[in-house]
J.: 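Have a look at the structure that comes next, please.
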Amino acid sequence: DVTFGGNQMQQTGDDIGASVTNFYVRDLYTIGNGQTKNPFYNYSKKEVNSLYGSAEFSFKNYLFLNLTARNEWFSNLNPKSNNYLYPSASMSYIFTQSFKSIPSWVDYGKLRASYAEVGGDTDPYSNNLYYSVNANQFNGTALGSISGAVSPNPNLRPLKVKEAELGLELRTLDSRVNLDVAVYKKDTVDEILKVDISNTSGFSQTLVNVGKLENKGIEILLTLVPVKTENFSWETGFNTSYNASKVIALANGQTRFDVGTGEFFGFVSHEVGMPLASLRGFDYKRDANGKIITVGGLFQQGNIITFGSAIPKYVGGWLNTINFKHIRIFTQIDFKAGFKIMSNSNLNFLREGLSKSSLPGREGGVVFDGVNSDGTPNVTSVPAQQFYTQYRSTNIATPFIYDGSFIRWRSASVSYDLSRFVSKALIKELTISVVCNNVLMISKHVENLDPEAQVSTSDNLQGIETHTLPTIRSYGFNINIKF
């Protein structure tokens, strides 16, 4: 089969509204009740034009080959570099179909290989220079100024993601032992990110094509059916993945980009030769032996160091489904491991005396475990408030870096099938269920906070926690009707 075609996508955003402050009547939140009204209007439009083609081939119902190609033109990038051709190819070989005789315990087996590229752009007008006109004139002449904080980059190119994968799928013993394994390598080239620049430029950030980022790893899914009878079955599944990331190159030969900054301390950076999303911040000032140096009993600001990556190396889960007659029970436990979290909230809890960590020293002061500049042990006591507020004035991040690993009981549900009590002429299936999400945090290493309660999931702030809301546990009752 061969297919050719074209596509034009237009995205238009049209947003009008108003905000008000200083209400006349307390607790009456209406536009008319506000003294100061601030109307706003936002408009955006972008267009993506595409040409594409695909071809599918098969041989004797066990060997399959799919080929595709797509070229896209992005309206919000420079016309000289706004298009990208990305191909893909995938092949699968069902070896259980190609042999006349296979072991009886093997039900199905497939090898697969694929390579694909995709492209992308950025938000409309995010690379434009904005001006605003001042309300006051100078000698009758209107005054204007640059209103944006992001410096435009006319040389932006579409981002490209190139991924290759090899996989094996096996179903054995009447599909009671199933395995799916895949290894992959993914390169992200020219990812578009905002990076911090010197304020002396008149801007705080600019958009750049980052360079080349690499991810490679393995994904495994093992599904077992230990028990299967007429009235009872138990299916359990284990899935896990390992991902190793690395910054291969950055734009203009740079060795590091700071892509995000915490509200109180810390940076998210891409560093050549290091995993993606390095968390960096100030360490204590230390001597040649690594001991913390104090002055008057107080620690001092040291060098900026890298504490680790904000991207998990290990992700996985354990799912169980039990069916007994008309009852179905489902549970899911998952985990993440091998990454760091930087907590701005725990800094504030400590310096404001709101956490357990702030209890030592409230009577008699704090004698910090460090050394004086001459190498002798520190014996100077510092009042607790003065000592803990020192963390804010020095922006030291070290005590607020945590292992982000956790194990969570994600969800549980119990369902009951009531289909046999209703007329099949009207309702094909009727099921009721009770559900609980975020059942229990089984294990974690971050004090006071949920490791998943982060301020943002964007690349710019991944791993930096700042005054996040507590995660919630939810309960639900569902009725599922199929006609």
Side-chain angles (χ1 to χ4, degrees), residues 70 72 74 76-78 81-88 114-123 126-127 150 153 155-166 182-197 205-219 241-262 266-281 304-315 336-342 404 454-464:
R70 185 182 185 98
E72 291 190 330
F74 304 98
N76 53 341
L77 296 177
N78 189 329
S81 58
N82 71 342
N83 72 92
Y84 179 51
L85 172 67
Y86 40 96
S88 74
S114 64
Y115 175 82
E117 296 184 18
V118 296
D121 59 349
T122 185
D123 295 329
S126 61
N127 199 35
V150 179
N153 180 357
N155 299 315
L156 280 182
R157 301 178 299 275
L159 73 88
K160 310 172 188 67
V161 179
K162 306 176 181 181
E163 183 169 5
E165 179 179 304
L166 294 173
V183 294
Y184 64 88
K185 182 177 183 293
K186 180 170 71 174
D187 293 330
T188 303
V189 181
D190 290 337
E191 181 177 7
I192 300 173
L193 287 178
K194 292 179 182 178
V195 299
D196 296 334
I197 58 176
Q205 292 181 315
T206 188
L207 284 168
V208 299
N209 292 110
V210 169
K212 184 177 181 181
L213 314 175
E214 178 187 85
N215 285 276
K216 56 184 178 182
I218 183 171
E219 299 174 337
S241 65
Y242 169 78
N243 180 77
S245 65
K246 187 176 182 180
V247 179
I248 304 300
L250 294 174
N252 302 323
Q254 298 190 51
T255 58
R256 189 191 75 242
F257 272 161
D258 293 332
V259 298
T261 303
F267 312 93
V268 179
S269 306
H270 291 328
E271 302 176 278
V272 173
M274 301 287 287
L276 276 65
S278 294
L279 293 179
R280 303 171 62 249
I304 294 178
I305 65 172
T306 299
F307 295 99
S309 172
I311 298 178
K313 287 185 177 181
Y314 305 92
V315 177
K336 292 182 180 179
F339 68 108
K340 298 293 185 180
I341 290 176
M342 180 180 289
Q454 298 187 29
V455 67
S456 173
T457 57
S458 73
D459 293 337
N460 291 8
L461 290 173
Q462 187 170 5
I464 294 184

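We count residues from 1, following the sequence as given.
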J.: Grab the two heavy atoms, one from G262 and one from I464, that are nearest each other, plus how far apart they are.
T.: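 Looking at all heavy atoms of both residues, the shortest contact is N-CD1, 3.7 Å.
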J.: Looking only at heavy atoms, what is the nearest atom pair of E191 and L213, with distance?
T.: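 Scanning both residues, the minimum pair turns out to be OE1-CD1, 3.1 Å.
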J.: Can you measure from NZ (K212) to OG1 (T188) and round to the nearest 0.5 angstrom?
T.: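 OG1 of T188 is found 10.5 Å from NZ of K212.
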J.: Determine the minimum heavy-atom distance between I192 and L207, stating which atoms define it.
T.: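 The answer is CG2-CD2, 4.0 Å.
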J.: Quick one: OH on Y115 to NZ on K185, what's the gap to the nearest 0.5 Å?
T.: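 Reported value, rounded in 0.5 Å steps: 9.0 Å.
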J.: Could you tell me which non-hydrogen atom of N153 sits nearest to which non-hydrogen atom of V208, and how far apart they are?
T.: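 N153 and V208 have their closest heavy atoms at ND2-CA, 3.9 Å.
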J.: Between K313 and Y242, is the side-chain contact (heavy atoms from CB on, under 4.5 Å) condition met? List the steps.
T.: CA-CA 5 Å; K313 287 185 177 181; Y242 169 78; 4.2 Å; yes
J.: Output the distance between atom CZ (R280) and atom CZ (R256), rounded to the nearest 0.5 Å.
T.: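 Atom-to-atom, R280:CZ and R256:CZ are 4.0 Å apart.
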J.: Is any side-chain N of the basic residue among K162 and D187 closer than 4.0 Å to the acidic one's carboxylate O?
T.: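 Looking at K162 and D187, the cut-off is not met.
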J.: Taking the side chain from S309 and the backbone from I311, do they hold a donor-acceptor pair closer than 3.5 Å?
T.: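 Side chain of S309 to backbone of I311, a donor-acceptor pair under 3.5 Å: yes, one is there.
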J.: Between D258 and F267, is there a donor-acceptor pair closer than 3.5 Å when you use the side chain of the first and the backbone of the second?
T.: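 Checked: no pair found.
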J.: Could you tell me the separation between the OG atom of S278 and the CD1 atom of I305, rounded to the nearest 0.5 Å?
T.: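 S278 atom OG to I305 atom CD1 measures 12.0 Å (nearest 0.5 Å).
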J.: Hey, could you give me the OH/CG distance between Y84 and D121, rounded to the nearest 0.5 Å?
T.: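 Output value for this atom pair is 14.0 Å.
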J.: What heavy-atom pair brings V210 and H270 nearest, and what distance separates the two atoms?
T.: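 Smallest interatomic distance, heavy atoms only, reads CG1-CD2, 4.2 Å.
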J.: List the atom of D190, the atom of R157, and the distance in Å for their closest heavy-atom pair.
T.: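 Here D190 and R157 meet closest at OD1-NH2, 2.8 Å.
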J.: Using a 6.0 Å cut-off, check whether atom NZ of K160 has over 12 heavy atoms from anything other than its own residue.
T.: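 Above 12, so yes.
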J.: Less than 4.5 Å apart, side chain to side chain, heavy atoms only: is that true for N209 and L159?
T.: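 No, side chains not in contact.
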J.: Under 3.5 Å, is there a donor on one side chain and an acceptor on the other for Y184 and N243?
T.: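 Side-chain D/A pair, Y184 to N243: present.
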J.: Verify side-chain contact (heavy atoms from CB on, under 4.5 Å) between T122 and N76, making sure each step is shown before the conclusion.
T.: CA-CA 7 Å; T122 185; N76 53 341; 4.0 Å; yes
J.: Would you check if the side chain of S245 reaches a backbone N or O of P275 as a donor-acceptor pair within less than 3.5 Å?
T.: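 No, because the side chain of S245 does not come within donor-acceptor range (under 3.5 Å) of the backbone of P275.
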J.: Looking at CG of L77 and CG of N82, how far apart are the two atoms once the value is rounded to the nearest 0.5 Å?
T.: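 Answer rounded to 0.5 Å: 6.5 Å.
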J.: Can any side-chain N or O of S81 pair as donor or acceptor with the backbone N or O of L156 at less than 3.5 Å?
T.: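 The answer is yes, because a donor-acceptor pair under 3.5 Å joins these two groups.
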